[in-house]
Amino acid sequence: MILKDFGMDTASLSGPLDTKLAAVRQAGFAQVMISASDVVGHPGGFAAGVRAVRNSGLAVTGLKALRDFQGLDGRLREYKVDVAKSMLEVCQELGARMLLVEASTLSHASTSTDVLVGDLRALGILAIPNAVRIAFKVASWSGTARNFTSAAELVLRANCPNLGLAIDALDFLAAEIPLDDLDAIEPEKIFVVQLSDYWWQTVYSITGKAAAETRFRVFPGEGTHSDDLAALVNKLDAIGYSGSYSFDVYNDDYQQMPQGTVVNRARRAAEWLEETVLRQSLPVPNIERSRRTAED
């Protein structure tokens, strides 16, 4: 079975890009989120990294990640604009139609809403010639957008057609955002949903959140928030979200495990979400029986 709506993140796997892509494909995924460092750090050079992605048979969910872009001024802002232009060129080379942008975590970045909105709008406009969408996501230790509500406000105020949201399930759940808040967002403004679980029931400190997000994520169904993840995916389905789900799982343990073992865990998570969560909302009461009959 090909998992069309789900993709892996190359940062979730150890090893060289070519074998990561092969493992993702072999596990049945149809798409992949590409970490820019995997491409530019390819042993054969950047062009070889691009060829590996284009020849993999996988659709590119997006390229990640542009960080610390908003709220800067002077020469630092000029530098970050150059970085953004370079990453947009990488998107074009890969055939990626989305660039993931994370909220600035720099302590000296402006927190002025007008400044942040202006920066996001400028980035969206910068990406239009490349036909790339900008997916903005929060960082829980950011002073500019630390939860879904604040990120959504910035994106909606920027009012740029190729600017939207990336929802990170861990951030969303850790911030205890009410699911009904999603009703205020047009589903077309949600560009990608990144899925992961984590072990702690509650993460109190900023340091703890950073550790959970960058080292201790697990796949959906493996942590302590399965019910909450299922409710989130069901809610997204109910409001009409039809985009991609990407497994965004950073775990030090997974970096020491064979790629096949990790992608198989991801596949189990995708099957759980497809069979147990998403299909609950379909208006076909005997869909499992119908599917089995068709397969026979």
- [ ] Verify whether one side chain among Ser35 and Ser37 offers a donor that lies under 3.5 Å from an acceptor in the other.
- [x] yes
Under a 4.5 Å cut-off applied to non-hydrogen side-chain atoms, are [X] and [Y] in contact?
X: Met33; Y: Thr10; value: no
X: Asp168; Y: Val138; value: no
X: Leu123; Y: Leu163; value: no

Task: side chain to side chain contact (heavy atoms under 4.5 Å, CB included) involving Ala169 - partner list, sequence neighbours excluded - done: Leu195, Leu229, Leu232
Task: Residue pairs, two or more places apart or on separate chains, that pass side chain to side chain donor-acceptor pair (under 3.5 Å) and touch residues 12-23 - done: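 Residue pairs passing side chain to side chain donor-acceptor pair (under 3.5 Å), neighbours aside: Asp18-His42, Thr19-Gln259, Lys20-Asp38.
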Open item on the list: Among Leu179, Val233, Leu173, which residue satisfies the side chain to side chain contact (heavy atoms under 4.5 Å, CB included) criterion with Asp228?
Closed with: Leu173
Provide the closest heavy-atom pair for [X] versus [Y] in the form atom of the first, atom of the second, distance.
X: Pro220; Y: Ala269; result: O-CB, 3.4 Å
X: Asp197; Y: Ser226; result: OD2-N, 3.6 Å
X: Ala52; Y: Leu21; result: O-CD1, 3.4 Å

Task: Arg146 and Asp171 ion-paired at < 4.0 Å - done: no
Open item on the list: If the condition is salt bridge (Lys or Arg N to Asp or Glu O under 4.0 Å), which residues does Asp82 pass it with, not counting sequence neighbours?
Closed with: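 Applying salt bridge (Lys or Arg N to Asp or Glu O under 4.0 Å) to Asp82 gives none.
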Task: Pair Tyr245-Leu236, side chain to side chain contact (heavy atoms under 4.5 Å, CB included): steps then yes or no - done: CA-CA 11 Å; Tyr245 291 94; Leu236 289 164; 3.9 Å; yes
Task: More than 12 heavy atoms of other groups within 6.0 Å of Tyr79 OH - done: no
Open item on the list: Tell me whether Gln26 at atom CD has more than 12 heavy atoms from other residues, nucleotides or ligands lying less than 6.0 Å away.
Closed with: no
Backbone N/O of [Y] and side chain of [X]: donor-acceptor pair under 3.5 Å:
X: Gln194; Y: Val249; result: no
X: Thr276; Y: Leu273; result: no
X: Glu271; Y: Arg268; result: no
X: Arg217; Y: Asn251; result: no
X: Thr224; Y: Tyr198; result: yes

Task: Any pair counted as salt bridge (charged side-chain N to carboxylate O under 4.0 Å, His left out), so long as it reaches residues 181-192, sequence neighbours left out - done: Asp183-Lys235
TODO: Could you tell me how the ring of Phe247 sits relative to the ring of Phe6: parallel (under 30°), tilted (30 to 60°) or perpendicular (over 60°)?
DONE: parallel
TODO: In sequence, state the C-alpha distance, the side-chain angles, and the governing distance for Phe219 and Tyr254, and then conclude on ring-ring contact (aromatic ring centres under 6.0 Å, His included).
DONE: CA-CA 11 Å; Phe219 289 103; Tyr254 293 165; 5.3 Å; yes
Open item on the list: Looking only at the aromatic ring of each residue, does the gap between the centers of Tyr241 and Phe191 stay below 6.0 angstrom?
Closed with: no
Please list every donor-acceptor pair under 3.5 Å in which a side-chain atom of residues 54-71 meets a protein atom from a residue at least two apart or in another chain.
from: Arg54; atom 1: NE; to: Glu93; atom 2: O; distance (Å): 2.6
from: Arg54; atom 1: NH2; to: Gln92; atom 2: O; distance (Å): 3.4
from: Arg54; atom 1: NH2; to: Glu93; atom 2: O; distance (Å): 2.9
from: Asn55; atom 1: ND2; to: Arg51; atom 2: O; distance (Å): 3.2
from: Ser56; atom 1: OG; to: Val53; atom 2: O; distance (Å): 2.7
from: Ser56; atom 1: OG; to: Leu58; atom 2: N; distance (Å): 3.1
from: Thr61; atom 1: OG1; to: Gln31; atom 2: OE1; distance (Å): 2.8
from: Thr61; atom 1: OG1; to: Val32; atom 2: O; distance (Å): 3.4
from: Lys64; atom 1: NZ; to: Asp9; atom 2: OD2; distance (Å): 2.9
from: Lys64; atom 1: NZ; to: Asp248; atom 2: OD1; distance (Å): 3.3
from: Lys64; atom 1: NZ; to: Tyr250; atom 2: OH; distance (Å): 2.0
from: Arg67; atom 1: NE; to: Glu102; atom 2: OE1; distance (Å): 3.2
from: Asp68; atom 1: OD1; to: Thr105; atom 2: N; distance (Å): 2.8
from: Asp68; atom 1: OD1; to: Thr105; atom 2: OG1; distance (Å): 3.2
from: Gln70; atom 1: OE1; to: Ser104; atom 2: N; distance (Å): 3.0

Open item on the list: Quick test of your reading: applying ring-ring contact (aromatic ring centres under 6.0 Å, His included), list the pairs with at least one residue in residues 143-181, sequence neighbours left out, ordered by first then second residue.
Closed with: Phe148-Phe172
